Amino acid sequence: MFALVDCNNFYASCERVFRPDWRKTPIAVLSNNDACLIARSDEVKELGYKLGDSYFKLRKQLQRDGVIVRSSNYALYGDLSQRVMECLEDLVPRVEVYSIDEAFLDLHGIQDLPAFSQKIARTVRQWTSIPVSVGVAQTKTLAKLANHLGKKSRGSNNVHIMEPPYPLDQIEIENVWGVGRRLSLRLRLMGIGTAQDLAELDCMTARKKFSVVLERTVRELRGESCIEIEELSPDPQHLMVSRGFKGKVTTKHQLQEAVATYASRVAEKARAKGVYAGTIQLFIRTSPFSKGPRYVNNASWTFRNPCNDNLSLVKAATRCLDTIWKEGYAYQKAGVLLTDLSTEQQRITPLFEITPRKTTGELMRMLDCMNQRYGPETVRIASSGIERPWMMSREFLSPSYTTRWKDIPTVRA
DNA sequence: TCTGGGGTCCTAGGACCC
DNA sequence: TCTGGGGTCCTAGGACCC
């Protein structure tokens with residue numbers, strides 16, 4: 001048996017952890033640049049606000065409805081997520097961290113599933129203050145659906161154990177894990193509208209007309225487990241840092257600052273994951289929504305010696321920018337992508353290359369250490385800019401209660 | 001006034017090889 | 001004056017997920 005543990009309204013719940021006075025207050029969390037709604041507490045959902053609604057259109061309404069609005073604070077959410085996952089790892093031996101707010105658990109051999117599932121929900125709530133829902137079933141796909149059903153039926157303490165006969169006819173095809181917008185449209189045209197219909201689809205047809213992925217989904221819906229728990233997350237294939245700007249960027253100097261900032265950030269990520277980049281790719285673009293002239297381009301640079309230090313990556317990204325920069329456009333976004341990643345063991349160093357100076361590695365270790373201790377970007381490359389007017393706005397940012405010394409809450413007894 | 005960010009996997013099709 | 005068959009590898013693009 002598998003369980004899917006899912007944090008309820010995760011970002012909104014995180015904002016409440018250190019603000020118990022907001023327990024019953026409606027809370028909405030905004031995307032980067034405070035652009036649109038990406039998370040809502042139950043109260044906000046009940047008020048009728050939709051995911052992806054743009055903030056500036058709703059500002060007054062939200063104010064009238066007494067909704068607390070927050071900018072997204074990934075430092076906080078990431079840290080609280082880790083606490084939830086550690087809590088789960090304490091309860092069961094095999095846990096797959098599936099996303100920032102979800103995990104699959106292997107419940108093989110557990111006798112009293114209802115009692116154990118309740119215990120999971122209770123313990124996570126007690127230890128981390130984050131409410132979760134638990135769905136239990138025979139396959140991962142079914143556990144996802146069990147979770148979905150559990151959330152729909154209130155009062156069941158957010159635990160739902162699904163046993164045959166599965167109530168698949170109550171589930172719309174769009175809610176099946178692995179069936180997205182395009183697939184559901186195609187399936188509906190074939191008269192497949194519920195999870196039950198999909199479970200009844202012939203496996204060969206699923207594979208031939210669609211793909212092996214859909215065939216797996218069909219089998220999983222029938223109770224045949226095809227997707228295993230993956231405890232260890234494999235080494236990443238790509239790493240990317242991209243952001244939209246606050247306002248538009250029209251000068252090369254400012255775009256260069258952004259590119260250096262993103263390249264530094266992605267370098268940091270690579271070091272944290274212990275991987276080296278074989279190739280770096282830069283893209284810049286104007287807004288796809290604006291009426292002005294459009295421009296999208298990318299350039300890449302392949303290293304003879306795979307690397308993950310800020311200096312090499314910023315230098316390469318800047319070179320890429322030189323080749324694609326064009327005057328006269330209002331840039332809206334840029335991104336830096338690392339590919340051809342290798343680990344220390346896999347890393348190929350050319351036979352006759354001068355090995356990179358040891359000091360670079362040392363320098364990066366010191367840099368990471370200081371930035372971890374005193375906050376992100378305490379020490380950074382000068383070309384990433386000082387004032388940085390293009391940097392995304394986060395007007396309603398809450399403190400990073402758990403990851404920043406100066407933000408640690410004070411308790412008075 | 002705005003419209004997120006970061007991943008994975010699969011498939012189709014072209015280049016190239018014998 | 002014609003043009004098979006069977007591979008591999010790579011890339012781009014499309015689908016999905018959160």
Side-chain angles (χ1 to χ4, degrees), chain A residues 4-11 28-39 50-60 62 70-74 77-78 81 84-85 96-104 140-141 144 147-148 173-187 206-217 220 226-227 230 233-248 262 265-266 269-270 272-273 275 278-279 281 283 285-291 298 300 302 330 332-341 392-395:
Chain A
L4 176 76
V5 179
D6 181 313
C7 302
N8 302 341
N9 314 328
F10 184 54
Y11 297 170
V29 177
L30 305 179
S31 68
N32 285 339
N33 267 324
D34 297 333
C36 56
L37 261 63
I38 56 164
K50 298 273 175 300
L51 223 55
D53 280 350
S54 57
Y55 171 63
F56 88 93
K57 279 187 191 161
L58 302 172
R59 207 181 56 219
K60 285 198 179 131
L62 286 160
R70 303 271 86 189
S71 304
S72 36
N73 182 345
Y74 290 102
Y77 311 152
S81 165
V84 170
M85 300 309 167
E96 172 185 341
V97 177
Y98 178 64
S99 75
I100 194 163
D101 70 334
E102 279 177 58
F104 285 105
K140 284 168 100 176
T141 305
K144 274 280 220 183
N147 193 289
H148 173 74
I173 193 75
E174 290 77 12
N175 294 319
V176 175
W177 185 41
V179 179
R181 207 171 46 87
R182 302 298 293 258
L183 262 181
S184 54
L185 273 174
R186 280 179 66 195
L187 288 166
R207 181 192 292 228
K208 289 223 169 103
K209 284 205 159 176
F210 297 89
S211 69
V212 292
V213 184
L214 193 72
E215 184 192 354
R216 260 200 307 259
T217 304
E220 284 243 322
C226 306
I227 311 170
E230 285 172 39
S233 49
D235 292 317
Q237 305 292 305
H238 327 280
L239 288 174
M240 168 130 99
V241 168
S242 72
R243 300 268 182 285
F245 307 127
K246 176 188 181 186
K248 298 285 182 282
Y262 300 170
R265 177 74 194 102
V266 80
K269 273 194 187 179
K273 301 246 177 209
V275 292
T279 302
Q281 213 180 95
F283 77 82
R285 66 156 213 229
T286 55
S287 169
F289 307 105
S290 86
K291 294 192 185 82
N298 67 81
S300 63
T302 298
Q332 177 262 340
K333 188 175 186 174
V336 177
L337 175 73
L338 303 184
T339 56
D340 295 336
L341 301 180
M392 70 177 184
S393 45
R394 292 196 288 175
E395 207 183 317

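Computed over heavy atoms, backbone and side chain alike; hydrogens, waters and symmetry mates excluded. Each chain gets a letter, A, B and so on, in the order the sequences are listed, and its residues count up from 1. Values in this document were obtained by computation on a predicted structure and should not be read as measured data.
- Nearest-nucleotide assignment on DNA chain B puts the 5′-proximal partner with Ser54(A), out of Ser54(A) and Arg216(A).
- As rounded to whole Å, 5 Å separates atom P of dG5(B) from atom CG of Asn32(A).
- As rounded to whole Å, 14 Å separates atom C1' of dC17(C) from atom CG of Asn175(A).
- Among dG5(B), dT8(B), dT11(B), the nucleotide with an atom closest to any side-chain atom of Val212(A) is dT11(B).
- The distance from atom NE2 of His148(A) to atom P of dC18(C) is 12 Å, rounded to the nearest whole Å.
- In the set dC2(B), dG6(B), dC17(C), dG6(B) carries the atom at the smallest distance from any side-chain atom of Arg243(A).
- Distances shorter than 4.0 Å separate none of the side-chain N or O atoms of Ser211(A) from OP1 or OP2 on dC9(B).
- Candidate nucleotides dG4(B), dC16(C), dG6(B) were compared by shortest atom distance to the side chain of Ser31(A), and dG4(B) ranks first.
- To the nearest 0.5 Å, atom CD of residue Gln332(A) and atom NZ of residue Lys246(A) are 15.0 Å apart.
- Phosphate contact (OP1/OP2 of dC17(C), side-chain N/O of Arg181(A), threshold under 4.0 Å): absent.
- Nucleic acid contact for Lys248(A): none, since no nucleic acid atom lies under 4.0 Å from a heavy atom of the residue.
- Contact annotation: Lys333(A) reaches the phosphate of dG5(B) (side-chain N/O to OP1 or OP2, under 4.0 Å).
- With distances taken from any side-chain atom of Lys144(A) to the nucleotides dC10(B), dT8(B), dC18(C), the minimum falls on dC18(C).
- Straight-line distance from the NE2 atom of His238(A) to the C1' atom of dG13(C): 13 Å, rounded to whole Å.
- Regarding Leu58(A), its CG atom lies at a distance of 14 Å from the P atom of dT3(B), rounded to whole Å.
- With Lys140(A) as the fixed residue, the salt bridge (charged side-chain N to carboxylate O under 4.0 Å, His left out) test singles out one of Glu230(A), Glu220(A), Glu96(A): Glu96(A).
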**OP:** Test side-chain contact (heavy atoms from CB on, under 4.5 Å) on Leu37(A) and Leu30(A) and set out the steps.
**Re:** CA-CA 5 Å; Leu37(A) 261 63; Leu30(A) 305 179; 3.8 Å; yes

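- Look at CG on Asn298(A): it is 9 Å from P on dA12(C), rounded to the nearest Å.
- Residue Pro288(A) is out of contact with every strand shown, counting any heavy-atom pair closer than 4.0 Å.
- If you check every strand for non-hydrogen atoms under 4.0 Å, Val176(A) touches sugar and phosphate atoms only.
- Here dC18(B) sits opposite dG5(C) as a Watson-Crick or G-U wobble pair (both hydrogen-bonding atom distances under 3.5 Å).
- Here dT3(B) presents its C1' atom at 18 Å from NZ of Lys246(A), a figure rounded to the nearest Å.
- Side-chain contact annotation: Ser393(A) with Asp34(A), donor-acceptor N/O pair under 3.5 Å absent.
- Minimum atom distance to the side chain of Phe289(A) is reached by dT3(B), of the listed dG5(B), dG4(B), dT3(B).
- Asn147(A) contributes a side-chain N or O that, together with a main-chain N or O of Leu4(A), makes up a donor-acceptor pair within less than 3.5 Å.
- Across all strands shown, Leu30(A) has no heavy atoms under 4.0 Å from either base or sugar-phosphate atoms.
- Under the side-chain contact (heavy atoms from CB on, under 4.5 Å) test applied with Leu239(A), the options Val266(A), Val336(A), Leu337(A) reduce to a single match, Val266(A).
- Regarding contacts with the backbone of dC2(B), every side-chain N or O of Arg59(A) stays at 4.0 angstrom or more from both OP1 and OP2.
- We find that NZ of Lys269(A) is positioned 12 Å from P of dG5(B), with the value rounded to whole Å.
- No engagement by Arg207(A) is indicated, since no non-hydrogen atom pair under 4.0 Å with the nucleic acid exists.
- Mapping Val241(A) and Cys36(A) onto DNA chain B by nearest heavy atom places Cys36(A) closer to the 5' end of the strand.
- Counting non-hydrogen atoms under 4.0 angstrom, Ser99(A) reaches the backbone sugars and phosphates but no base.
- Closest to the Ser242(A) side chain, of the nucleotides dA15(C), dG6(B), dC10(B), is dG6(B).
- Out of dG5(B), dG4(B), dC18(C), the shortest distance to the side chain of Trp177(A) is found at dC18(C).
- Nucleic acid contact class of Tyr98(A) (heavy atoms, under 4.0 Å, all strands): sugar-phosphate only.
- The main-chain N or O of Gly244(A) is found under 3.5 Å from a side-chain atom of Asn33(A) such that the two form a donor-acceptor pair.
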